Amino acid sequence: NPLTREAYCMASFNEELSNGFYAVEDPACVVTDQNQIFVAGGNYIYHENLAECPSDDSFDEYEEESVRKDFYLYDNDHDCWAPRAPMLFPKSNFALAQVGNTIFCFGGITINQHPTEIIESYDIALNKWSYVSMMPTTLVDLSAVVHNELIYVLGGRTGVGAHNVVMRYNPKKGEWASLAGMPTPRFNFGACVVGDEIY
């Protein structure tokens, strides 16, 4: 809370698996204009602890590491994560961006650590995912910000190297434009808009 300068603990993500056996790594998160918090995907890492392991085989169906397509909305009133319609494709290390009533999903890693250039979108009102198109290039660990209802996709990687790419996506027209690259190539970074500038 910026006003009181206090911090609070939220409900663990993901609640359905908050049993001490799983950790979720590299999900994507977006906060909408209506202050709704959505979290999607990620790697669900299984940590076996024999001393705490249940006697039944309820966890045998899960692999040690699996990419998921789960999608959750944070319920601030009840401090819990409400499941929403899952993404079309399981992935991690991707970016989310919201324009109007739609959340867009860009890039990431899917099953078997395969990079993807798929764009899919989520209709917040209808609770429904749809396939949109493909990105001009495959990007992993990228960032995405929104300015004037246009989505700017920045940086990322395709292998071990970092990119300085900056692309603008017009969701109404489905068009991409390449812009001046960042001076410093990077991935796994934060980006935000202040006024008419992206930092």
Side-chain angles (χ1 to χ4, degrees), residues 1-3 10 26-42 69-76 81-82 84-89 91-110 115-158 161-199:
N1 186 325
L3 297 178
M10 297 168 61
D26 301 315
C29 179
V30 66
V31 181
T32 69
D33 295 338
Q34 291 75 37
N35 287 327
Q36 296 173 298
I37 303 173
F38 288 92
V39 175
K69 56 184 178 180
D70 299 345
F71 191 58
Y72 289 88
L73 167 65
Y74 181 66
D75 183 343
N76 186 61
W81 293 94
R84 309 300 289 162
M87 297 184 295
L88 301 179
F89 305 96
K91 60 179 75 74
S92 66
N93 305 76
F94 58 100
L96 296 175
Q98 174 249 335
V99 177
N101 194 49
T102 305
I103 295 174
F104 292 88
C105 173
F106 299 93
I109 298 175
T110 185
T116 179
E117 60 269 66
I118 291 175
I119 306 170
E120 51 185 304
S121 66
Y122 174 76
D123 188 305
I124 298 174
L126 298 179
N127 185 32
K128 180 181 178 182
W129 284 92
S130 302
Y131 171 80
V132 177
S133 63
M134 306 288 274
M135 297 174 60
T137 184
T138 302
L139 290 173
V140 175
D141 293 322
L142 65 160
S143 286
V145 297
V146 177
H147 180 58
N148 290 338
E149 298 190 343
L150 298 174
I151 302 172
Y152 293 79
V153 173
L154 307 98
R157 62 182 176 88
T158 51
H163 287 288
N164 71 336
V165 63
V166 178
M167 298 183 293
R168 182 178 62 221
Y169 178 65
N170 186 328
K172 292 182 179 179
K173 298 181 178 180
E175 297 176 348
W176 286 92
S178 294
L179 306 177
M182 295 183 292
T184 306
R186 66 189 73 201
F187 62 90
N188 270 339
F189 63 101
C192 64
V193 176
V194 180
D196 290 326
E197 295 183 315
I198 298 173
Y199 288 82

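Values in this document were obtained by computation on a predicted structure and should not be read as measured data.
Looking only at side-chain heavy atoms (C-beta outward), His147 and Ile198 stay at 4.5 Å or farther from each other. Residues Leu139 and Phe106 fail the side-chain proximity criterion, which asks for heavy atoms closer than 4.5 Å. For the pair Gln98 and Val146, the minimum side-chain heavy-atom distance is 4.5 Å or more. No side-chain heavy atom of Ile118 sits under 4.5 Å from any side-chain heavy atom of Lys91. Looking only at side-chain heavy atoms (C-beta outward), Leu179 and Tyr152 come within less than 4.5 Å of each other. Side-chain atoms of Thr137 and His163, non-hydrogen and from C-beta on, never get closer than 4.5 Å to each other. A 4.5 Å side-chain heavy-atom check between Trp81 and Met10 finds at least one atom pair inside the cut-off. Side-chain contact check for Phe89 versus Thr116: every heavy-atom pair is 4.5 Å or farther apart.
A donor-acceptor distance shorter than 3.5 angstrom exists from the side chain of Asn164 to the backbone of Met182, with no hydrogens or angles considered. Counting only distance, with no hydrogens or angles, the side chain of Asn127 and the backbone of Ala85 share a donor-acceptor pair below 3.5 Å. No donor-acceptor pair under 3.5 Å is formed between the side chain of Ser121 and the backbone N or O of Val132.
For the atom pair Asn148 CG and Arg168 CZ, the distance stands at 10.5 Å (nearest 0.5 Å). Atoms CE and CG, on Met135 and Leu142 in that order, are 5.5 Å from each other to the nearest 0.5 Å. Note: Leu150 CG to Asn170 CG = 5.0 Å, rounded to the nearest 0.5 Å. For the atom pair CG of Leu126 and CG of Asn101, the computed distance is 7.5 Å after rounding to the nearest 0.5 Å. Here the straight-line distance linking atom CG of Leu88 with atom OH of Tyr131 works out to 10.5 Å at 0.5 Å rounding. Annotation: the span from Ile124 atom CD1 to Arg84 atom CZ amounts to 9.5 Å, rounded to 0.5 Å.
Closest of all the heavy-atom pairs between Thr158 and Pro115 is O-CG, 4.4 Å. Closest non-hydrogen pair, Ala95 versus Ser143, comes out as CB-C, 4.3 Å. When all heavy atoms of Leu3 and Asn1 are compared, the closest pair comes out as N-OD1, 2.9 Å. Smallest separation of non-hydrogen atoms from Phe94 and Ala28: CE1-CB, 3.3 Å. Across all their heavy atoms, Val194 and Tyr199 have their closest contact at CB-CE1, 3.8 Å. The two residues Leu154 and Ala191 have their closest heavy-atom pair at CD1-CB, 4.4 Å.
Note: Trp176 and Tyr169 have tilted aromatic rings, judged against thresholds of 30 and 60 degrees for the angle between ring planes.
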Problem set entry | side-chain contact (heavy atoms from CB on, under 4.5 Å) between Phe71 and Ile103, worked out | CA-CA 12 Å; Phe71 191 58; Ile103 295 174; 4.1 Å; yes

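Between Glu120 and Lys69, no side-chain nitrogen of the basic residue sits less than 4.0 Å from a carboxylate oxygen of the acidic one, so the salt-bridge criterion is not met.
With a 6.0 Å radius and a threshold of 12 heavy atoms from other residues, nucleotides or ligands, Glu149 has its CD atom at or below the threshold.
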